[in-house]
*Asks:* 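Please find one structure pasted underneath; my questions will follow.
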Protein chains: 2
Amino acid sequence: MLKHGILGLLNYGDMTGYEIRTVFKDSLNHFWQAQTSQIYRELQALEKNGWITSSHVEQKGKPDKNIHSITDEGRKELVRWLKEEDEQGTIRNYILMRTFFRGECSIAENIEYFKTLPEKEKVFPDGQSDAVQATGDYQKMIDDPLKALYWKFTIDFGIMYEKMIKEWCDNCVHELEALTSEASDT
Amino acid sequence: MLKHGILGLLNYGDMTGYEIRTVFKDSLNHFWQAQTSQIYRELQALEKNGWITSSHVEQKGKPDKNIHSITDEGRKELVRWLKEEDEQGTIRNYILMRTFFRGECSIAENIEYFKTLPEKEKVFPDGQSDAVQATGDYQKMIDDPLKALYWKFTIDFGIMYEKMIKEWCDNCVHELEALTSEASDT
DNA sequence: TGGGTCATGTAACCTGTTACATGATTAG
DNA sequence: CTAATCATGTAACAGGTTACATGACCCA
């Protein structure tokens, strides 16, 4: 999956590993994170597959860099991957794993847990969500407004997800508080 | 994370690796999947850590089995993990990765993509969602209604997520269709 | 003088996936 | 007779994380 993410970025233009890391942090961070170590490893794999080529460029006053470019084979692979069926049933939700076993903690502790969770689980940490993103560096890279639309879709998703988490947590708190008031009624 | 999931299940009662796999499929499948190979591997690791003990039981007419039990150390570790801060920023969303690069496909293809996506991404495939789950085997295992409540919370999440996906896809379709009608207007 | 940016990576480890392997009993 | 259920795992590989390592330049 990361392989194809990198391939997709290189399809917009040549980049160094370092730049790829930056784009990940600036523009894909709300749905995918990648370590530098993994990026460099995947770049090697992509080159082995013939999906990208790399050229070494010497620089003055800065470290040398390796510029990576997508090949025709790579472009073919990108489109093949886009049309591939999404694999189902690979959900892996950390929050729900911890929620499932929360019976081991007290109700009061869990009310607190669900009250503070939305803040911790924010997709866009600074709360500026689309505003920040819309003025980010990524706009410079995607001149095509159509391509920028799909990028906006991913941000929409993040906003909706954040809202959903909030509603879910509120509901959990309500149900738990109902239990405690019941107990004090009797 | 899987380690602690297994620990949590063994806290409800002794189980074989096979039973753990079954519970995963029946009750945790909507937020976590685990292969048998991984379960057996993690059981070995849990035993090494002293969090569980295992005893070999011979059977007639059936293969022998290994029954795993949580230790006091294991129970301590389970609670420690529950109170641990959730690690942030490890979102990894396959759908959004593919969405991000959809500019490489035609608008018509993408409208089709977002129209069929909700069906493919269903958390509860047969559409019975809570009904099926509420009458499932898991109820037998959790006699404590309070513990069952947290399990219900995870199902609530699944239902809300499914609904959110639907709304998001509908919106994507709308925005893409608006583009095509604009084009035909001129 | 200290921290940030540019720029590269390796090594070890942990976690998850795919494929393979065995074999008896039981229900339809 | 055949498929499902019970019950165990190993091996190889793929993907992700953590820690380490280097070094110059620029700005405050």
Side-chain angles (χ1 to χ4, degrees), chain A residues 1-7 14-26 28-29 31-49 51 54-68 81 86-94 97 137, chain B residues 1-7 14-26 28-29 31-49 51-52 54-68 81 84 86-94 97 137:
Chain A
M1 187 56 78
L2 180 61
K3 273 188 188 57
H4 293 92
I6 293 173
L7 219 47
D14 297 352
M15 274 185 241
T16 65
Y18 191 78
E19 286 168 326
I20 290 167
R21 194 207 61 169
T22 310
V23 175
F24 260 89
K25 277 202 182 154
D26 290 350
L28 288 80
N29 195 58
F31 65 88
W32 209 277
Q33 290 85 38
Q35 258 58 46
T36 28
S37 54
Q38 211 192 337
I39 289 170
Y40 286 110
R41 191 214 262 151
E42 295 299 348
L43 283 169
Q44 284 170 19
L46 287 168
E47 202 176 354
K48 242 178 222 170
N49 287 350
W51 297 341
S54 306
S55 66
H56 188 84
V57 177
E58 285 179 43
Q59 292 189 119
K60 279 178 206 163
K62 286 179 185 180
D64 294 356
K65 56 184 180 180
N66 300 317
I67 298 175
H68 309 279
W81 168 74
D86 291 280
E87 59 261 66
Q88 286 170 277
T90 41
I91 303 165
R92 209 174 304 281
N93 190 312
Y94 291 74
M97 186 64 101
D137 287 333
Chain B
M1 190 55 79
L2 181 60
K3 272 186 189 57
H4 293 93
I6 293 173
L7 218 47
D14 297 351
M15 275 184 240
T16 66
Y18 190 78
E19 285 168 325
I20 291 168
R21 193 209 61 171
T22 311
V23 176
F24 260 91
K25 277 202 183 154
D26 290 352
L28 287 82
N29 196 60
F31 66 87
W32 209 277
Q33 291 86 37
Q35 258 57 46
T36 29
S37 54
Q38 212 192 337
I39 289 170
Y40 285 109
R41 191 214 262 153
E42 295 299 348
L43 282 170
Q44 284 169 18
L46 287 168
E47 204 176 353
K48 245 179 221 171
N49 287 350
W51 297 340
I52 64 168
S54 305
S55 66
H56 188 85
V57 176
E58 284 179 42
Q59 294 189 117
K60 278 178 205 165
K62 287 179 185 179
D64 294 355
K65 59 183 178 182
N66 301 316
I67 299 175
H68 308 280
W81 169 75
E84 198 179 73
D86 291 280
E87 58 261 70
Q88 286 169 278
T90 40
I91 303 166
R92 211 175 300 284
N93 191 312
Y94 291 74
M97 185 65 101
D137 287 332

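Numbers restart at 1 for each chain; the letters A, B, ... are given by sequence-line order, proteins then strands.
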*Asks:* Could you tell me the separation between the CD1 atom of A:I39 and the P atom of C:dC6, rounded to a whole number of Å?
*Replies:*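 After rounding, the reported distance stands at 14 Å.
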*Asks:* Counting N and O atoms only, with roles assigned by atom type, does the side chain of B:Q33 sit under 3.5 Å from a partner on the main chain of A:I91, one being a donor and the other an acceptor?
*Replies:* yes
*Asks:* For the residue pair A:S54 and A:E47, what are the closest heavy atoms and their distance?
*Replies:* OG-OE1, 3.3 Å
*Asks:* Atom CZ of A:R21 and atom P of C:dC6: how far apart are they, to the nearest Å?
*Replies:*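 Rounded to the whole Å, the gap is 8 Å.
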*Asks:* Measure the distance from CD1 on A:I20 to P on C:dT8 and round it to the nearest whole Å.
*Replies:* 9 Å
*Asks:* How is B:Q44 classified with respect to the nucleic acid when contacts are heavy atoms under 4.0 Å: base, sugar-phosphate, or nothing?
*Replies:*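 Sugar-phosphate: the residue B:Q44, judged by heavy atoms under 4.0 Å, touches backbone atoms but no base.
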*Asks:* Under the ring-ring contact (aromatic ring centres under 6.0 Å, His included) test, which residues partner B:Y18, sequence neighbours left out?
*Replies:* none
*Asks:* D:dT8 P sits how many Å from B:N66 CG, rounded?
*Replies:*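 It is 6 Å, rounded to the nearest whole Å.
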*Asks:* Taking 4.0 Å as the cut-off, does a side-chain nitrogen or oxygen of B:Y40 come that near to OP1 or OP2 on D:dT8?
*Replies:*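 For B:Y40, the contact criterion (side-chain N or O under 4.0 Å from OP1 or OP2 of D:dT8) is met.
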*Asks:* Could you tell me if the side chain of B:D14 sits less than 4.5 Å from the side chain of B:E19, heavy atoms only?
*Replies:* no
*Asks:* Can you tell me the distance, in whole Å, between the NZ atom of B:K48 and the C1' atom of C:dC13?
*Replies:*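 Those two atoms, NZ and C1', are 14 Å apart.
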*Asks:* How many whole angstroms separate atom CD of B:E19 from atom C1' of D:dA7?
*Replies:*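 Taking CD of B:E19 and C1' of D:dA7, I get 10 Å after rounding.
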*Asks:* Treat primed atoms plus P, OP1 and OP2 as sugar-phosphate and everything else as base, then score nucleotides 12-19 of chain D 5' to 3': B for base contact with protein heavy atoms under 4.0 Å, S for sugar-phosphate contact only, - for none.
*Replies:* B--SBBBB
*Asks:* So, do A:Y40 and A:N66 sit near enough that their side-chain heavy atoms are less than 4.5 Å apart?
*Replies:*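 When only atoms from C-beta onward are counted, A:N66 and A:Y40 do not touch, as no gap falls below 4.5 Å.
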*Asks:* Kindly determine whether A:W81 and A:K3 satisfy side chain to side chain contact (heavy atoms under 4.5 Å, CB included), including the steps that lead there.
*Replies:* CA-CA 10 Å; A:W81 168 74; A:K3 273 188 188 57; over 6 Å; no
*Asks:* Whole angstrom is fine here: how far is it from OH in A:Y18 over to P in D:dT22?
*Replies:*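 So the two atoms are 19 Å apart, to the nearest Å.
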*Asks:* Rounded to whole angstroms, how far apart are NZ on A:K65 and P on C:dT5?
*Replies:*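 Taking atom P of C:dT5 as the reference, NZ of A:K65 is at 17 Å.
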